[in-house]
Amino acid sequence: MREPDNIRAVEQCHIDWMGFIFYGKSPRFVARRPAYLPESVRRIGVFVDAEAGEIRSRIEEFGLYGIQLHGHESPEVCRMFRTTGITVIKAFSVRPGEDFKECAAYESCCDYFLFDTPVPGYGGSGKPFDWSLLDRYQGSIPFLLSGGIGPESLPALSALKHPRWAGVDLNSRFEISPARKEAKKVLSFVTAFRSLDKPHH
């Protein structure tokens, strides 16, 4: 999110967290602090192999609750921020034949994992991966599901059963233009998603 009016509108959509992308090559890059930041939802900063000093300055400037790391950040980096009270989300691409071994090293230093569709470079693909692969994830860390989730995903989400599944990451399927979301569409989806028969959302 980037535009004050849009941030205000989406903040009213019963979401839990709102993301701010601090990766310069992203079309959603937040170059400066918006005139308005959400007050009733938690702010998450999204980074790709950023220097620790840059992450710290963004945490302070934006009052971040958590950080979502999409690069090759080490378990040590995750642990360093987590010990300061910051919620740490580490993203992993889920490929065919996935065994989730890569996640094991991060079990002790992250609050959540985010499972996304593989793409060349960094950034979302806007496409879902094969969610049946999640059956192989036996870790203890709760995960967020990402990758092309939109209104048409609701039946598949309703059928998804995994004890560690904690929520969904919404982005491209709700955009009017980069970093600008269609609030009514977000609200409609969130309302429907929360009504699914799920142990947690």
Side-chain angles (χ1 to χ4, degrees), residues 1-2 6-7 9-21 23 26-30 38 41-48 65-70 87 89-96 98 100 103 110-137 139 141-201:
M1 304 295 296
R2 193 161 58 197
N6 199 219
I7 290 171
V10 174
E11 184 180 17
Q12 305 304 315
C13 294
H14 309 298
I15 58 171
D16 298 301
W17 297 346
M18 185 179 291
F20 299 88
I21 295 183
Y23 177 54
S26 170
R28 304 178 181 104
F29 175 60
V30 182
V41 301
R42 289 168 161 169
R43 308 164 195 171
I44 306 291
V46 181
F47 300 90
V48 178
Y65 165 79
I67 56 175
Q68 187 169 300
L69 305 175
H70 278 259
T87 292
I89 307 157
K90 182 72 182 79
F92 296 93
S93 296
V94 179
R95 294 173 169 79
E98 183 64 70
F100 296 96
C103 300
C110 293
D111 296 280
Y112 297 90
F113 293 148
L114 181 138
F115 294 144
D116 202 353
T117 309
V119 289
Y122 300 101
S125 67
K127 297 173 185 164
F129 61 90
D130 177 4
W131 294 347
S132 69
L133 296 170
L134 295 169
D135 292 342
R136 301 183 188 181
Y137 175 62
I141 303 298
F143 67 86
L144 306 170
L145 190 58
S146 187
I149 294 172
E152 70 287 349
S153 309
L154 283 163
L157 290 170
S158 182
L160 185 62
K161 302 281 188 281
H162 194 294
R164 296 289 179 225
W165 178 35
V168 290
D169 177 276
L170 308 179
N171 202 351
S172 60
R173 296 290 175 95
F174 296 86
E175 282 192 332
I176 303 161
S177 58
R180 186 168 183 83
K181 304 292 183 290
E182 191 175 340
K184 285 182 183 172
K185 196 173 177 182
V186 173
L187 178 59
S188 174
F189 177 92
V190 172
T191 303
F193 180 71
R194 288 189 182 278
S195 73
L196 297 178
D197 182 21
K198 291 287 166 208
H200 43 236
H201 293 136

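The figures that follow rest on heavy atoms only: side chains count, while hydrogens, waters and symmetry mates do not.
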Nearest 0.5 Å, what's the CZ-SG distance between Phe143 and Cys103?
10.5 Å
The reported gap from CZ in Arg43 to CE in Met1 (rounded to nearest 0.5 angstrom) is 13.0 Å
Hey, could you give me the CD/CZ distance between Gln68 and Phe113, rounded to the nearest 0.5 Å?
13.0 Å
Side chains of Val186 and His14: does their closest heavy-atom pair fall under 4.5 Å?
no
Least distance between heavy atoms, Ala166 atom then Leu144 atom
C-CD2, 4.1 Å
For residues Leu187 and Thr191, report the shortest heavy-atom separation together with the two atoms involved.
O-OG1, 2.7 Å
Do Phe115 and Phe129 have ring centroids that are under 6.0 Å from one another?
no
Look at the side chain of Lys185 and the backbone N and O of Arg173, then say whether any donor-acceptor pair between them is shorter than 3.5 Å.
yes
Relative to Phe92, does Lys90 satisfy both conditions: NZ or CZ under 6.0 angstrom from the six-membered ring centre, and within 45 degrees of the ring's axis?
yes
Do the side chains of Ile7 and Phe20 get nearer than 4.5 Å, heavy atoms only?
yes
Quick check: do His70 and Tyr23 have side-chain heavy atoms less than 4.5 Å from each other?
no
Side-chain heavy atoms of Ile149 within contact of Phe193, under 4.5 Å:
no
Distance, nearest 0.5 Å, that separates CG of Leu160 from OG of Ser158
9.5 Å
Can you confirm whether Asp116 sits close enough to Asp169 that some side-chain heavy atom of one is under 4.5 Å from a side-chain heavy atom of the other?
no
Where the side chain of Trp165 meets the backbone of Gly167, is there a donor-acceptor pair that is under 3.5 Å apart?
yes
Gap separating the CG atom of Leu145 from the CH2 atom of Trp131, nearest 0.5 angstrom:
5.0 Å
Measure across Pro38 and Met18 and return the closest heavy-atom pair with its distance rounded to 0.1 Å.
CG-SD, 3.8 Å
For Ile141 and Asp111, the nearest pair of non-hydrogen atoms, with its separation, is CG2-O, 3.6 Å
Side-chain heavy atoms of Val190 within contact of Phe174, under 4.5 Å
no
Arg42 side chain to Gly66 main-chain N or O, any donor-acceptor pair under 3.5 Å?
no
Any idea which heavy atoms bring Ser93 and Glu98 closest together, and the distance?
O-OE1, 3.3 Å
So, do Arg28 and Asn171 sit near enough that their side-chain heavy atoms are less than 4.5 Å apart?
yes
To the nearest 0.5 Å, what is the distance between CZ on Arg180 and CG on Asn6?
4.5 Å
Looking only at heavy atoms, the pair that brings Arg2 and Pro178 closest together is NH2-O, 3.3 Å
